[in-house]
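Heads up: the structure comes next, in structure tokens.
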Amino acid sequence: MDTYLERLNPEQREAVESLDGPVLVLAGAGTGKTRVLTTRFAHILLSGRASPGQVLAVTFTNKAAREMRERVGHLLQRPVEGLWLGTFHALCARMLRRHAEYVGLTSSFTILDTDDQLRLLKQVMELHRIDAKRWPPPGLMGAIQRWKDRGLTPDRITPSEDTDFAGGKARQIYADYQERLAQLNAADFGDLMLHIVEILRTRPDVLAQYHRFFRYILVDEYQDTNTIQYLWLRLLAKREGAAANICCVGDDDQSIYSWRGAEVENILRFEKDFPGAKIVKLESNYRSTAPILAAASGLIAHNEGRLGKTLRPGRNDAEGEKVLVASVWDSDEEARMVGERIEQLQRDDHRLSEMAILVRAGFQTRAFEERMITLGLPYKVVGGLRFYERQEIRDAIAYMRVMNQPSDDLAFERIVNVPRRGVGDVAMQALHMAARSERIPMTAAVLKLLADGTLKGRVREQLGLLMTALGHGREALAQASDEALLAGPSHVRVVEALLEDAGYVAMWKKDKSPDAPGRLDNLKELVRALVEFDTLGGFLEHVSLVMENDENAGADRVNIMTLHGAKGLEFDSVFLPGWEEGLFPSQRTLDEGGNKGLEEERRLAYVGITRARKRALISHAANRRIYANWQSSVPSRVVEELPEEHGEHRGAAAGARELSRSAPPVFGSQFGGQFPLMARRPRTAEAWEQPARPSRAGGIAVGARVFHQKFGYGVVTGADDSKLDVEFDKAGLKRVLDSYVEPVIGSDSGAPS
DNA sequence: GTCGTTGCGTTTTTT
DNA sequence: ACGCAACGAC
């Protein structure tokens, strides 16, 4: 009976068994965080403390929720139903459907996707006559989202926060945007949380109901919670006269989402909010070898203000290969080297799916993809555009939404002229006018303008066909329930017919572009997915909350993904390319976030290294092609922070570095070819130290005329160790790394070259 | 109303 | 270099 507890180490066991009162579990990478969470869940149920429906378990991704559900079921040795287990958004949507009327919605409200949100915001901004050039709608959308992330409804926006955008009109636009959402009976993603928090704040009766309901709360990835999620948790957890049975699991060292509103501070203030909280640290790592752990620990130790965990090897067999650092000439050579190493591992019977190339930014994947194609190695880019984000899928879903809910104006606007039906600005204006003046949905406005003869010619004919197709579909859907018992889910056929009759399928069949057949396949795939649901409405709820991509799972492929995308995953072999100043740490993060930004980049590096079970290969290139031109780069400072004794440094490019800044890029590939990297004898120990960082500051004097790849020509106005202040002719005063600039030869300043 | 040209920006991403 | 979005010409 208690065997599941015996499989835990003492810390894990403490985290699982401390059921009364608040618990914060600080779980380092690979220390069994998920195991603790799922076992705790099972333990609550098996010890009879609560029934499945009385536990609230929250995750960030659907994947994590699914995994937890499976593992809990496995521990209980039966599938569990009626759980409140899901993502923040899915759980909030579920709650909001029960109390929608408190925020002016009905329980059948629609959830908007990002396209819809932006289209709606643009409309509101147009009404305010905001110049979209000067104040780009996506910017304001972002601001609104951040407000929502912080729990700020329009009435809570202070004037000082408002002035930033659109000349002080942002608050008003936000308010109008919310107003329009309410009219449309719609909520965007942020609203799911914002509305429910508003309800819990203002309706003590509703809050009390949930307090009675949820006896235990479990939270995964707590370091990633933003303010509104924190508020939601706190409201639900803090009960009058009872201990808060909330257990949050997180790792401050893996907080990498501050740029989208996550507040690590939520971890730090846990003890303040929940007095008497028990803190359990999990530090035994069962995933990685000792050198990998040492490298990761040494690196993260450079951060300040940590809660201070140390990872120690949890297994006896944890010795292993050193972490490699490779210096290469350019990004092409880097891809070649990684490819070779992958082939080598493959020859040694390692599975491709146990290898991952983790990059800082999306554009880096291309070089590796190309290399994999040349070598004939199967690969998958994880987290590219997801299935439900593809144009044809969104269009098809918009068709379904309109059929399901004729008042869904945003979905209607998306498809009204797809395929082209001759509906342009003029016709749209007329439809908007009619809809607004009569206070009717757009589809009703179309019927009206068709009836009164305002619409003529081709538009009239085409829109007539569209409305007929939608009408037929809707009728068939209404009858579907009778028929369903006999013929299986008929909504599948209804949707098929709709996409045919509306000319949507024909549009892609006519399309001669190479990706049209693929899009038709995707549409078939979408229709197939419908079978899993009893009703069209159920399916639509699913797609708006669960945007994921399960394609070609299971096949043996090399994984290529961003470091962010890799969080929570693990692989035997991990490749970490592009560890160069400017790219990783990213220049932009440094510019915007200063030292805090740097620390987050360092955490990202920590996440990267700790993904590896057996081996990690870090690399940096002296030259990288960014957009059109080549840029020379210096190794990331993060590379220098790796502890020496656990790594090995290899590379041909070290000596080449001096050359790199002045040599024409065409040299690059030739040079790389002459020094096959992996064939070189590794230099150990002392080689860990960076090959003397090219210190140009000494070489470039104040007053020197220089050239910078991005900013053009300029004059140096100041210098300190590796940074230069340069007054550029076109771009103005910038602070740049000395290695990014070239002295201009033959100018009056006479810098040595 | 549609098609072609110009111009800007280009980290990370879930739901 | 490239892709997308907005604008102007047919």
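To find a chain, count down the sequence lines: A is the first, B the second, and so on, and within it residues start at 1. What you see is a predicted model; the values in this text were computed from it and never measured.
With distances taken from any side-chain atom of W259(A) to the nucleotides dG1(B), dT11(B), dT13(B), the minimum falls on dT13(B). Taking only side-chain atoms of H89(A), from C-beta outward, the nucleotide of dT15(B), dT13(B), dG1(B) with the closest atom is dT15(B). Of the listed nucleotides (dT2(B), dT11(B), dT15(B)), dT11(B) has the atom at the smallest distance from the side chain of A361(A). Of the candidate nucleotides dT13(B), dT2(B), dT15(B), dT15(B) has the atom lying nearest to any side-chain atom of T87(A). For H564(A), the listed nucleotide lying nearest its side chain is dT12(B); candidates were dT15(B), dT12(B), dT11(B). For R588(A), counting side-chain heavy atoms from C-beta on, the closest listed nucleotide (dT10(B), dT14(B), dC3(B)) is dT10(B). Here the nucleotide nearest the side chain of T61(A), chosen from dT2(B), dT12(B), dT15(B), is dT15(B).
In this structure, M433(A) places its CE atom where only 12 or fewer heavy-atom neighbours from other residues, nucleotides or ligands lie under 6.0 Å away.
Although no hydrogens or angles enter the test, the distance criterion places a donor-acceptor pair under 3.5 Å between the side chain of N417(A) and the main chain of V423(A).
OP1 or OP2 of dT12(B) has not a single side-chain nitrogen or oxygen of T589(A) nearer than 4.0 Å. Within the structure, a side-chain polar atom (N or O) of N62(A) is placed less than 4.0 Å from OP1 or OP2 of dT15(B).
Here D425(A) lies in heavy-atom contact (under 4.0 Å) with sugar-phosphate atoms only. The residue G190(A) sits apart from the nucleic acid: no heavy atom pair falls under 4.0 Å.
Note: CG (L569(A)) to P (dT14(B)) measures 12 Å, nearest angstrom. Q391(A) has its CD atom 10 Å from the P atom of dA5(C), to the nearest Å. Residue L604(A) contributes atom CG, which lies 12 Å from atom C1' of dT13(B) at whole-angstrom precision. Regarding Q254(A), its CD atom lies at a distance of 17 Å from the C1' atom of dT14(B), rounded to whole Å. Rounding to whole angstrom units, CD of residue Q145(A) and C1' of dT12(B) are separated by 15 Å. Put simply, CG on L563(A) is 14 Å from P on dT14(B), counting in whole angstrom units. For F60(A) and dT12(B), the CZ to C1' distance is 16 Å, given to the nearest whole Å. In this structure, K567(A) atom NZ and dT15(B) atom P are separated by 12 Å, rounded to whole Å.
Partner assigned to dT11(B) is none, using Watson-Crick or G-U wobble distances below 3.5 angstrom.
For the pair V459(A) and Y257(A), nearest-nucleotide mapping onto DNA chain B gives the more 5' position to V459(A). Between A427(A) and F88(A), the residue anchored closer to the 5' end of DNA chain B is A427(A), taking for each the nucleotide with the nearest heavy atom.
In summary, the aromatic rings of F584(A) and H620(A) are positioned with their centroids too far apart to meet the 6.0 Å limit.
With a 6.0 Å cutoff to the six-membered ring centre and a 45° limit on the axis angle, R394(A) does not count as a cation-pi contact of Y388(A). Remark: R94(A) qualifies as a cation-pi partner of W84(A) under the 6.0 Å distance and 45° angle criteria applied to the six-membered ring.
Residues D149(A) and R146(A) are not paired through a salt bridge, judged by the lack of any N-O separation under 4.0 Å between the basic side chain and the carboxylate.
Straight-line distance between the P atoms of dC4(C) and dT11(B): roughly 15 Å, to the nearest whole Å.
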